[in-house]
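Written out below as structure tokens is the structure these notes cover.
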Amino acid sequence: MQTPTVKYCWHPLKAIDAITPMLLKMATKKTLIGFAFACVFTIAGLHAQQVSPTAGIKWTLQECIEHAKQRNIEINTYRLSQQSAQQDLMASKASKLPNLTGTAGQTVSNGKNFNSNTGSIQNQTNVAGSYSVNSSITLYNGAYINNDIKQKGLLVQSASLNILQGENDITLQITQAFLNILLAKENIIYLTDLVNTSDAQVKQELLLYNAGSIAKNDLVQMQAQNATDKYNLVTEQNVYRQNALTLKQLLLIPFDTAFDVSAPDSVDVQRMYPALRVAVNAALQSRPEVKNGELGVRISELDLEKARAGLLPTLSASGSASTSNSSQSGEYFRQLDNNFFQQLGLTLSVPIFSRRVPRTAVEKSKIAIAQTELNLQNTKTVLSQQVEQAYINVQNAESQYDAAVEELKAAQEGYRIANEELKAGAVNTVQLLLEKNAYLQALQVYTQAKYNTVLYIKIYAFYMGEPVTL
């Protein structure tokens with residue numbers, strides 16, 4: 001559908017300066033008013049060149065999204081959780097290996113002993129040492145270690161999906177805030193041109209009033225309209241500043257840093273999007289929250305397998321080697337050789353009665369599986385509802401957009417006719433201002449409807465895994 005265009009003439013103030021001498025020479029009031037309004041009428045087109053309300057760093061939508069993904073605190077928290085899960089996985093894999101510990105001890109003792117050769121009591125000092133290494137390994141524990149390794153691997157994947165989910169959430173927030181800024185900037189453009197036109201109209205009305213061509217009531221009405229136009233501009237500038245602050249805070253940009261967005265050349269409504277069933281199926285297959293829910297079920301199932309291992313026997317092997325020496329027992333290295341001792345052993349631990357602790361763990365694991373399955377079902381249901389709501393939002397926005405286009409066309413034509421009729425004396429200033437306000441209201445409704453439609457279509461496509469672009 002073609003976007004309606006709004007035509008405008010040269011700068012209104014320059015137009016007034018050029019036509020003022022001619023207007024003062026014209027004979028009739030109708031001719032004066034009609035000619036003046038025809039020349040000073042100017043409204044900015046929706047696709048005119050945009051001027052930034054503030055100067056500063058300009059960010060594109062993609063730059064905002066990428067910056068937020070890197071700096072967002074919640075997403076970085078998820079990244080740290082992923083690193084922690086990776087360490088847990090490494091520790092679980094290492095538990096299959098044998099451990100090895102070494103100990104060394106050295107003691108010094110002093111005491112009185114009876115010397116049978118001399119028949120006297122003497123002080124005697126003894127230095128003794130002991131040294132050993134010990135190792136053990138689990139040979140069988142009901143596949144607990146293997147299942148734990150699998151579970152830790154799934155937890156790493158789950159942590160990665162949490163990061164993706166956080167990035168998706170911040171992407172939607174950034175997109176909405178960015179489009180709100182573009183909407184406010186576009187409103188500021190045509191409201192600024194409107195104020196310029198209104199200023200020119202007040203100036204012209206004042207000249208006509210001083211020349212005795214119009215009544216004071218017409219001048220006062222134009223001045224009141226001029227004040228309303230300026231108020232609307234200030235209001236929209238405040239909206240822009242608030243929207244810019246919202247986006248700036250989402251990006252965690254310091255408060256003393258200048259900030260502005262880089263608007264694309266045009267923001268057009270793309271009317272092509274898939275059917276609801278296609279979108280729901282795509283979302284259920286690609287969205288990280290669904291994959292995370294599926295991993296949750298598998299993680300709970302591995303918890304059950306680990307709990308069942310508590311009902312099975314455990315077999316482990318151990319070995320040790322040790323030696324010792326004493327200063328009272330001869331040569332050092334010979335003592336180490338004579339006292340060298342080795343030991344190997346197997347230990348079988350069979351649970352006979354453990355006060356139902358393992359059995360309780362098994363039953364609670366089954367309950368946890370049922371809970372994660374319900375969580376997965378709920379996640380799919382909520383996601384399907386979100387996609388359906390996004391689809392309805394797109395349809396509603398499109399209907400409003402189509403109606404706004406027709407309303408704008410009608411209001412634009414009505415304003416044009418009012419200007420022509422003013423030249424012919426068929427309407428007065430009040431009637432022209434009514435048509436002007438109707439046109440401006442239709443223009444604002446159209447702009448809002450356009451950006452709403454763009455936003456809802458982007459959200460709908462994003463649920464299917466398509467990146468957000470402008």
Side-chain angles (χ1 to χ4, degrees), residues 80-153 155-156 159 302-362 364-365:
L80 292 177
S81 298
Q82 182 194 36
Q83 295 176 17
S84 178
Q86 188 68 42
Q87 293 299 318
D88 291 338
L89 175 60
M90 295 173 63
S92 181
K93 290 180 177 180
S95 64
K96 297 184 70 174
L97 303 175
N99 64 353
L100 180 64
T101 59
T103 59
Q106 198 76 17
T107 60
V108 177
S109 59
N110 183 59
K112 294 182 178 180
N113 293 323
F114 177 76
N115 191 330
S116 58
N117 295 327
T118 61
S120 61
I121 297 177
Q122 299 177 340
N123 286 328
Q124 188 175 18
T125 300
N126 180 47
V127 179
S130 61
Y131 317 97
S132 65
V133 290
N134 302 272
S135 180
S136 63
I137 185 173
T138 301
L139 301 177
Y140 176 78
N141 63 347
Y144 180 94
I145 296 178
N146 290 334
N147 288 325
D148 188 65
I149 293 174
K150 293 178 183 179
Q151 186 183 55
K152 294 299 191 296
L155 288 172
V156 172
L302 289 172
D303 264 333
L304 175 60
E305 296 301 320
K306 290 166 59 178
R308 285 173 174 168
L311 300 172
L312 302 176
T314 300
L315 179 63
S316 61
S318 62
S320 64
S322 62
T323 187
S324 61
N325 75 295
S326 173
S327 61
Q328 301 296 321
S329 301
E331 197 268 330
Y332 178 79
F333 290 102
R334 183 178 296 275
Q335 289 186 63
L336 295 181
D337 181 56
N338 293 335
N339 297 332
F340 186 59
F341 174 79
Q342 309 92 36
Q343 181 180 5
L344 292 175
L346 293 174
T347 301
L348 179 64
S349 176
V350 180
I352 299 175
F353 179 72
S354 54
R355 294 173 293 184
R356 210 180 183 280
V357 173
R359 179 61 62 184
T360 300
V362 169
K364 292 182 68 174
S365 296

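Since the model is a prediction, treat every value here as computed from it, not as a measurement. FYI, the numbering just counts along the sequence from 1.
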Sequence neighbours left out, what passes side-chain contact (heavy atoms from CB on, under 4.5 Å) with [X]? Give chain and number order.
{"X": "Asn126", "answer": "Ser109, Ala128, Ser326, Ser327, Gln328"}
{"X": "Ile137", "answer": "Pro98, Leu139, Ala317"}
{"X": "Asp88", "answer": "Ser84, Lys152"}
{"X": "Pro313", "answer": "Leu348, Val350"}

(message) Tell me which pairs pass side-chain hydrogen bond (donor to acceptor under 3.5 Å, both in side chains) where either residue lies in residues 341-357, with sequence neighbours left out.
(response)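 Applying side-chain hydrogen bond (donor to acceptor under 3.5 Å, both in side chains) to every pair that reaches into residues 341-357, excluding sequence neighbours, yields Arg356-Thr360.
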(message) For residues 89-103, which residue pairs pass the side-chain hydrogen bond (donor to acceptor under 3.5 Å, both in side chains) check, not counting sequence neighbours?
(response)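 Those involving residues 89-103 are Ser92-Asp148, Lys96-Asn146, Asn99-Ser136, Thr103-Ser132.
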(message) Checking side-chain polar atoms at under 3.5 Å, does Thr323 have a donor or acceptor matched by the opposite partner on Asn339?
(response)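 Judged by distance alone, the side chains do not pair up.
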Gap separating the [atom1] atom of [X] from the [atom2] atom of [Y], nearest 0.5 angstrom:
{"X": "Thr314", "Y": "Leu312", "atom1": "OG1", "atom2": "CG", "result": "8.0 Å"}
{"X": "Lys306", "Y": "Ile145", "atom1": "NZ", "atom2": "CD1", "result": "11.0 Å"}
{"X": "Asn134", "Y": "Ser322", "atom1": "CG", "atom2": "OG", "result": "8.0 Å"}

(request) Heavy atoms only: give me the nearest Leu336-Ser324 pair and the separation to one decimal. (result)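 Smallest interatomic distance, heavy atoms only, reads CD2-O, 3.9 Å.
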(request) Give the minimum heavy-atom separation between Gly319 and Leu344, together with the two atoms involved. (result)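 Taking every non-hydrogen atom into account, CA-CD2, 3.8 Å.
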(request) Any pair with a residue in residues 308-321 that passes salt bridge (charged side-chain N to carboxylate O under 4.0 Å, His left out), sequence neighbours left out, goes on the list, sorted by first then second residue, please. (result)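 Salt bridge (charged side-chain N to carboxylate O under 4.0 Å, His left out) check on residues 308-321 returns Glu305-Arg308.
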(request) Kindly write out the residues that satisfy side-chain hydrogen bond (donor to acceptor under 3.5 Å, both in side chains) with Gln106, not counting sequence neighbours, or none if the list is empty. (result)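 Testing Gln106 for side-chain hydrogen bond (donor to acceptor under 3.5 Å, both in side chains), a comparison that skips the adjacent residues, returns Tyr131.
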(request) Show your reasoning for whether side-chain contact (heavy atoms from CB on, under 4.5 Å) applies to Leu89 and Leu155. (result) CA-CA 8 Å; Leu89 175 60; Leu155 288 172; over 6 Å; no
(message) Is the shortest side-chain heavy-atom distance between Leu80 and Gln83 below 4.5 Å?
(response)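 Counting from C-beta outward, Leu80 and Gln83 do come under 4.5 Å.
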